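Scroll down for the structure; my scribbles are underneath it.
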Number of protein chains: 2
Amino acid sequence: MSSLTTRIVVPSLLLALSALAAQGADDVKMPVGYRNWFHVNTMIVDKASPLFEGLGGMHNVHVNSTGEAALKKGGSYPDKTVFVTDLHDFSISDGSYVEGPLKGVAVMVKDQKKYGSTGGWGFQFFAGGDAKKPVITDPAKQCFECHQPQKDKGYVYSTYIP
Amino acid sequence: MSSLTTRIVVPSLLLALSALAAQGADDVKMPVGYRNWFHVNTMIVDKASPLFEGLGGMHNVHVNSTGEAALKKGGSYPDKTVFVTDLHDFSISDGSYVEGPLKGVAVMVKDQKKYGSTGGWGFQFFAGGDAKKPVITDPAKQCFECHQPQKDKGYVYSTYIP
């Protein structure tokens, strides 16, 4: 590719990609280092739960430093807040529920402008925690619908447990 | 206090305090900020477990940055490694195990020299997470006895789950 072509083609490509990203969940990136973020809570969705088919497993929820204060105060979340659910399998051993292998990583990113149609949140789920395996194609239906009842809590289910 | 007295009394006091500390678990401090440390794993000890009476609850385990690499590599833990178990109550709601209020904070601090008689680990448990409510008076019996079978893993039960 000549340098002239590069100068013309690359910006057009970037423009096209960013337009595409704004429509869906494609631009929500797989975060790194989230196991060193603030641990919000853990929940296990067991077989008896009606949510088991879609959400079964151990949910270890983390929030980045941008959102930590809002979680604790209970206010609205600033842009660039990221919640991560580190979703693991679990097994039951002698009456204890024990964490198993990683199933996937669910991400919520706050950007009031970019994700205005889904409550200001971008959603994605990475199968096996693999940045190259995003599975959400319709965040409004696959994610936001279930978060909508939490509108007065900024569409977030997690609460601060001291 | 004159400067002469200070020079004599203060070192003696420090010596006396450090001798006292070496005897028990009194010098293991309640750590701060551990919910921002690396989240090692979570385990729920449920009613059916033989451990429920003593250890029932949701165990959210964290390790500080000093011990994080050793946890991942599986080697022995360097001095100043700290493990914290943030122990919470839990409730079962519609098939899900949900985190409840804090019951207490269990701490393991590595200091090969100071805690040589208990595998190089100092142990303490703070009721309700209150720094003023340490409950362990005999770490050898109340803590180390149960960790002894894990000798080849540095007396640590937690393993790294990617």
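To find a chain, count down the sequence lines: A is the first, B the second, and so on, and within it residues start at 1. The model shown is predicted, which means the values in this text are computed figures rather than measured ones.
Linking ILVMFWY side-chain heavy atoms closer than 4.5 Å, directly or via other members, places B:Y97 and A:L87 in two distinct hydrophobic clusters. The cluster map of Ile, Leu, Val, Met, Phe, Trp and Tyr, joined by side-chain heavy atoms under 4.5 Å apart, puts B:L55 and B:I136 in different clusters. The hydrophobic cluster containing A:L102 does not contain A:F90, counting ILVMFWY residues as joined when their side-chain heavy atoms lie under 4.5 angstrom apart, directly or transitively. In terms of hydrophobic clustering, with Ile, Leu, Val, Met, Phe, Trp and Tyr side chains grouped at heavy-atom distances under 4.5 Å, A:M108 and A:L71 are assigned to a common cluster. No single ILVMFWY cluster, assembled from side-chain heavy atoms under 4.5 Å apart, contains both B:I44 and B:V61.
A:N60 touches chain B through its side chain: at least one heavy atom from C-beta onward sits under 4.5 Å away, while N, CA, C and O do not. The part of A:H88 that comes within reach of chain B is its side chain, from C-beta onward, which places non-hydrogen atoms under 4.5 angstrom from that chain.
By the 30° and 60° cut-offs, the orientation of the rings of B:H39 relative to A:H39 is parallel.
B:D86 contributes atom CG, which lies 11.0 Å from atom CG of A:N41 (distance to the nearest 0.5 angstrom). Between the CZ atom in A:F38 and the CH2 atom in B:W37 there is a gap of 13.5 Å [rounded to 0.5 Å].
Side-chain atoms of A:V45 and B:S96, non-hydrogen and from C-beta on, do get closer than 4.5 Å to each other.
Taking both residues in full, the closest heavy atoms of B:E68 and A:N36 are given as OE1-ND2, 3.1 Å, listed atom of the first, atom of the second, then distance.
Atom NZ of A:K80 is surrounded by 12 or fewer heavy atoms from other residues, nucleotides or ligands within 6.0 Å.
Shown are B:M43, B:E99, B:H59; of these, the side chain to side chain contact (heavy atoms under 4.5 Å, CB included) with A:T42 is made only by B:E99.
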